[in-house]
Enquirer: 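Just dropping this structure here.
For the numbers below, each heavy atom of this structure counts, side chains included, while hydrogens, waters and symmetry mates do not. Owing to the predicted nature of the structure, the values given are computational and were not obtained by experimental measurement.
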Amino acid sequence: AQSVSQHNHHVILSEAASLELGCNYSYGGTVNLFWYVQYPGQHLQLLLKYFSGDPLVKGIKGFEAEFIKSKFSFNLRKPSVQWSDTAEYFCAVNTYSSASKIIFGSGTRLSIRP
Amino acid sequence: DTGVSQDPRHKITKRGQNVTFRCDPISEHNRLYWYRQTLGQGPEFLTYFQNEAQLEKSRLLSDRFSAERPKGSFSTLEIQRTEQGDSAMYLCASSLGMGQGGGTEAFFGQGTRLTVV
């Protein structure tokens with residue numbers, strides 16, 4: 001069964017610091033990959049997605065993620081974080097099949113010190 | 001607002017009562033998902049539909065839980081004989097499946113927060 005692991009449960013950074021959040025998935029076949037963000041009191045929103053093509057994916061608000069197939073990883077990065085990036089970040093995967101659920105990781109809480 | 005809408009937003013119920021939640025997906029989306037989220041955890045998959053067909057149900061889901069999507073549009077999630085452990089945020093999401101392997105990302109509703117007392 002497919003699963004998603006997020007290594008960091010809580011990350012605390014100062015403004016302007018660089019960010020990298022880890023995500024690994026377990027599935028041997030072709031996958032679609034997602035990062036979602038949940039700001040305090042708000043619903044889940046898509047940050048970026050990878051379906052195929054260039055493994056370096058750019059999303060909203062300056063975020064990007066790199067799909068490394070050999071490492072089963074899809075890490076999220078941002079060169080300079082802002083206080084407004086304080087949120088919970090979830091990595092998710094679904095397999096490339098006609099009937100496939102989306103599986104989420106347990107999330108990483110990001111706190112930015114102003 | 002043409003996003004995913006869920007009703008009610010909050011529900012407080014006594015243990016042993018039945019509750020039903022409704023989800024209206026984005027109109028052209030043929031896939032609909034139900035998830036449960038507790039504090040500090042990621043969304044946990046419950047079940048999902050493609051059109052009116054329920055394609056998968058989590059093994060973690062007890063027989064007290066049932067979901068329907070009768071006409072391939074809105075969906076309901078019913079919990080019978082609620083228990084305190086059912087307290088959580090119940091999330092609905094929808095996406096556009098495009099046949100073999102294709103599709104878009106899932107769009108989430110605001111959720112229904114259930115508190116069982």
Enquirer: Looking at A:Y36 and B:A106, would you say the former's side chain and the latter's main chain have a donor-acceptor pair under 3.5 Å?
Expert: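 A pair under 3.5 Å: yes.
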Enquirer: Using a 4.5 Å heavy-atom cutoff, which residues in residues 104-114 of chain A come close to chain B?
Expert: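 Counting heavy atoms that sit under 4.5 Å from chain B, the residues of residues 104-114 of chain A involved are A:F104, A:G105, A:S106.
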Enquirer: Nearest 0.5 Å please: distance from the CG atom of A:L47 over to the CD atom of B:E105.
Expert: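 Going from the CG atom of A:L47 to the CD atom of B:E105 covers 11.5 Å.
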Enquirer: According to a hydrophobic-cluster definition based on side-chain heavy atoms being under 4.5 Å apart (Ile, Leu, Val, Met, Phe, Trp, Tyr only), do B:L77 and B:F74 belong together?
Expert: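 Unlinked, B:L77 and B:F74 end up in two clusters.
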Enquirer: So what's closer than 4.5 Å to chain B heavy atoms on A:L46: side chain, backbone, both or neither?
Expert: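 It is the side chain, since no backbone atom gets that close.
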Enquirer: Could you state whether B:L32 and B:M89 fall into the same hydrophobic cluster, counting links through intermediate Ile, Leu, Val, Met, Phe, Trp or Tyr residues with side-chain heavy atoms under 4.5 angstrom apart?
Expert: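 Cluster IDs for B:L32 and B:M89 differ.
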Enquirer: Tell me the closest heavy-atom pair linking B:Q41 and A:F90, and the distance in Å.
Expert: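 Closest pair (atom of B:Q41, atom of A:F90, distance): O-CE2, 3.7 Å.
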Enquirer: Can you establish whether the number of heavy atoms outside A:R77 located under 6.0 Å from its atom CZ is more than 12?
Expert: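 Yes, because the 6.0 Å sphere around CZ of A:R77 holds more than 12 heavy atoms from other groups.
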Enquirer: Around A:L56, counting heavy atoms of other residues, nucleotides and ligands shown, do more than 12 lie under 6.0 Å from its CG?
Expert: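 Enclosed.
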Enquirer: Take atom CG in A:D54; do more than 12 heavy atoms of anything else shown fall under 6.0 Å from it?
Expert: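 Yes.
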Enquirer: Can you say whether B:E44 sits under 4.5 Å from chain A via the side chain, the backbone, both, or neither, judging by heavy atoms?
Expert: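 It is neither, since no heavy atom gets under 4.5 Å.
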Enquirer: Flag yes if A:I68 and A:L76 sit in one hydrophobic cluster, no otherwise; membership is Ile, Leu, Val, Met, Phe, Trp, Tyr, and two members link when side-chain heavy atoms are under 4.5 Å apart.
Expert: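 Different clusters.
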Enquirer: Answer yes or no: are there more than 12 heavy-atom neighbours, outside B:K11 itself, under 6.0 Å from its atom NZ?
Expert: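 Result for NZ/B:K11: open.
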Enquirer: Testing the basics here: between A:K101 and B:Y33, what is the closest heavy-atom pair and its distance to 0.1 Å?
Expert: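 Minimum heavy-atom contact is CA-CE2, 4.1 Å.
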Enquirer: Going hydrophobic residue to hydrophobic residue with side-chain gaps under 4.5 angstrom, can you get from A:F74 over to A:F34?
Expert: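 Yes, because A:F74 and A:F34 connect within a single hydrophobic cluster, where side-chain heavy atoms sit under 4.5 Å apart.
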Enquirer: Could you check if a side-chain atom of B:Y35 sits within less than 4.5 angstrom of a side-chain atom of A:I102, using non-hydrogen atoms only?
Expert: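 Side-chain contact under 4.5 Å: yes.
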Enquirer: With a 4.5 angstrom heavy-atom cut-off, which part of A:Q38 approaches chain B: side chain, backbone, both or neither?
Expert: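 Side chain only.
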Enquirer: Under 6.0 Å from the CG atom of B:L39, do we count more than 12 heavy atoms belonging to anything else shown?
Expert: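 No, because the 6.0 Å sphere around CG of B:L39 holds 12 heavy atoms or fewer from other groups.
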Enquirer: Around atom CD of B:Q80, are there more than 12 heavy atoms from other residues, nucleotides or ligands closer than 6.0 Å?
Expert: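 It does: B:Q80 CD has more than 12 such atoms within range.
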Enquirer: Less than 4.5 Å apart, side chain to side chain, heavy atoms only: is that true for A:H43 and B:Q6?
Expert: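 Contact flag for A:H43/B:Q6 side chains = no.
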